[in-house]
Amino acid sequence: MSDNNHYDIVIAGAGPAGAQCARDLAGRGYDVVVLEIETEEEFPAQSNKSTGGTFASMMASFGIPDDVVMHETSLVVLESPNNYLTQDQPGFILDFAAFKEFLVEDGRKKGAEYRFNARVRDPIVKGGDVVGVRYNGDEEIYAEIIIDATGPAAPLAKSLSIVDLERKNHAVGIEYQFEGINTNPPGYADLTDAMMLRLDHEYAPGGYSWLFHTGEDEAKVGVCFIQNERYRENDTHDRTIDGFLEHWLETDPRFENASRIPDTQVRGSAHVQSPGSMSTTSFMAIGDTVPSIDPVWGEGVYKCMKSARMAALTADRCLTGSVDTSTREMAVYDDLWHKQVAPQQDRRLMMTKMLYLASNERYDQLMKDLNKIDRDTLSAINNGNKREIAKLLHPSDLSLLWRFWRETQAQ
């Protein structure tokens, strides 16, 4: 049992990754405490960055109840400036606040403790080992294992040099919920009960925009771009992220009669890069504290949850029997992350970066090509199958590949 200052595991951050990890570990009987910067009255604040789009695999894997679902969808749509691809695939748009509240409350039922209004400062290191966390100035708390689930802020992981976040591939995003949206105007894909991602440098240079239908005439609408070379080339009007969203709203007929629903703004950021080590002695970084590798291919929430589960499995392994939280034993988490959370990560990261380098005309051609292939082939492409990816390449892509290679070498 904990003595109010010593625990088996301390987790910083009560987002999906932190709360799911606490939920798993408490369910295994460990003494877990979660430190969350928001007050309990405000949690979860409107700064949530996720649209909460997911599929049945996540709902089943983590026992997510139907009452946190805002809307069930039946289609996934990819758009380019002049073409689109529609795939039948059941999905779920989560009420993200209700989803986070469920994870916290379910974790509490299993025995996890939560300390809100707790701003994590830095790790406590003794003899080269992480033994605790300082928060709210000089308050201290100790544990066998410390887990950073604070997202890109990453105060613990940064202090321990576990993550090195590159500003040159920094993704920023904004989203609102709207009403009065026309989900099926002439000339566009029918977005009724759909999750749509759009590749179009006019609205999201070096990134993507999205519309997730949430029922009737309402939808979550957002824009994300990555501050890379493609963004700088296409940002000819020096627009902010808000400016690009406004431009899309002003020029797309689907938004002609749309209006924002108050208090639905969300903002967020991520770093698109290959992660290095995600652990050290007695420490792991999980969820969005670890850089993202494929934001377009999505389900960021699912990746956070799987990351949390792999961390819980690692902690359980290290604390069972003779306690061993050495760097070698904690590195089991890194292995599990690469196998279970983001397999084929190098190929997927390459696909993401090449996609953002492509032109709008190439996006149109990509949609034409994707419309000619079957679901199994598309799934193989998403999973990084080299042979299937190669089938999408054209002779004209040589210049794109050359540019990708040059930029990779420059980094």
Side-chain angles (χ1 to χ4, degrees), residues 2 4-27 30-50 52 62 64 68 94-124 130 132-160 162-163 263 265-270 282-290 300-301 303-305 307-309 311-312 315:
S2 67
N4 203 43
N5 198 42
H6 291 77
Y7 293 79
D8 295 323
I9 301 103
V10 170
I11 300 172
Q20 177 58 42
C21 193
R23 187 180 172 218
D24 274 354
L25 288 166
Y30 291 103
D31 294 316
V32 184
V33 62
V34 181
L35 307 177
E36 169 55 43
I37 190 172
E38 294 179 12
T39 66
E40 188 161 9
E41 294 73 24
E42 294 174 336
F43 181 87
Q46 292 300 320
S47 60
N48 302 315
K49 72 178 185 180
S50 176
F62 294 94
I64 306 304
V68 304
L94 302 178
D95 180 331
F96 205 58
F99 170 62
K100 290 173 72 174
E101 288 170 348
F102 161 74
L103 294 177
V104 170
E105 290 309 310
D106 195 58
R108 277 176 156 168
K109 289 177 183 177
K110 290 177 168 61
E113 179 183 334
Y114 277 80
R115 296 188 187 183
F116 289 91
N117 199 25
R119 179 182 291 274
V120 171
R121 195 182 101 192
D122 54 27
I124 301 171
V130 184
V133 176
R134 291 186 186 88
Y135 69 101
N136 288 354
D138 58 358
E139 293 191 56
E140 297 183 348
I141 191 167
Y142 295 86
E144 297 290 342
I145 292 175
I146 311 300
I147 296 175
D148 191 342
T150 57
L156 304 179
K158 286 179 181 177
S159 178
L160 296 167
I162 296 299
V163 297
D263 301 322
Q265 174 184 290
V266 295
R267 294 178 182 271
S269 65
S282 305
F283 178 85
M284 290 177 280
I286 69 173
D288 285 338
T289 304
V290 177
V301 174
K303 287 186 175 62
C304 283
M305 301 281 279
S307 171
R309 180 147 290 172

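The residues of the chain are indexed from 1 along the displayed sequence. All heavy atoms count here, side chains included; hydrogens, waters and symmetry mates do not.
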Point to revise | Rounded distance [0.5 Å steps], CZ in Phe283 versus CD1 in Ile147 | key: 9.0 Å
Review point. For Tyr30, what residues pass the ring-ring contact (aromatic ring centres under 6.0 Å, His included) criterion, not counting sequence neighbours?
Key: none
Study note, to complete from the structure: Across all chains, not counting sequence neighbours, the salt bridge (charged side-chain N to carboxylate O under 4.0 Å, His left out) partners of Arg134 are Asp122, Glu140
Review point. Taking all atoms of both residues into account, what is the closest heavy-atom pair of Pro16 and Phe96, and its distance?
Key: CG-CZ, 3.7 Å
Point to revise | Contacts of type ring-ring contact (aromatic ring centres under 6.0 Å, His included), residue Phe62, not counting sequence neighbours | key: none
Check your understanding: Between the side chain of Asp8 and the main-chain N/O of Val32, is any donor-acceptor distance below 3.5 Å?
Key -> no
Revision key, fill the gap. Nearest heavy-atom contact between Ala118 and Leu35 is CB-CB, 4.1 Å
Review point. Looking only at heavy atoms, what is the nearest atom pair of Ala149 and Ile11, with distance?
Key: CB-CG2, 4.2 Å
Review point. Does Ala14 offer a backbone N or O that forms a donor-acceptor pair with the side chain of Glu36 under 3.5 Å?
Key: yes
Point to revise | Counterpart residues, side-chain contact (heavy atoms from CB on, under 4.5 Å), relative to Ala312 (two or more places apart) | key: Cys21, Asp24, Leu25, Arg28
Revision key, fill the gap. Taken in chain and number order and not counting sequence neighbours, the residues that satisfy side chain to side chain donor-acceptor pair (under 3.5 Å) with Arg115 are Asn4, Tyr7, Glu113, Tyr135
Point to revise | Pairwise side-chain contact, Cys304 with Ile286, heavy-atom cut-off 4.5 Å (strictly under) | key: no
Check your understanding: Which atoms form the tightest heavy-atom contact between Ile146 and Gly132, and what is the distance?
Key -> CD1-CA, 3.8 Å
Review point. About how many Å separate CG of Asp31 and NE2 of His6, when rounded to the nearest 0.5 Å?
Key: 12.5 Å
Point to revise | Nearest non-hydrogen partners of Gly13 and Val34, listed with the distance | key: O-CG1, 3.5 Å
**Study point:** Sequence-distant partners of Asn117, side-chain contact (heavy atoms from CB on, under 4.5 Å), two or more places apart
**Key:** Thr39
Practice item. Give, for atom CD of Glu38 and atom CZ of Arg119, the distance between the pair rounded to the nearest 0.5 Å. Key: 11.0 Å
Practice item. Only counting residues at least two apart or in another chain, list the ones meeting side-chain contact (heavy atoms from CB on, under 4.5 Å) with Arg108. Key: Glu40, Val104, Glu105, Tyr114, Phe116
**Study point:** Phe99 and Phe102: CA distance, side-chain angles, deciding distance, ring pair (Phe, Tyr, Trp, His ring centres under 6.0 Å) verdict
**Key:** CA-CA 5 Å; Phe99 170 62; Phe102 161 74; 7.5 Å; no
Check your understanding: Say you draw a straight line from OG of Ser282 to CG of Leu160; how long is it, rounded to the nearest 0.5 Å?
Key -> 10.5 Å
Study note, to complete from the structure: Interatomic distance, CG@Asp148 vs CE@Met284, rounded to 0.5 Å, equals 11.5 Å
Check your understanding: If you look at every heavy atom in Leu103 and Ala19, which pair is closest and at what distance?
Key -> CB-CB, 3.7 Å
Check your understanding: For Thr150, does its backbone N or O pair with a side-chain atom of Thr289 as donor and acceptor, under 3.5 Å?
Key -> yes
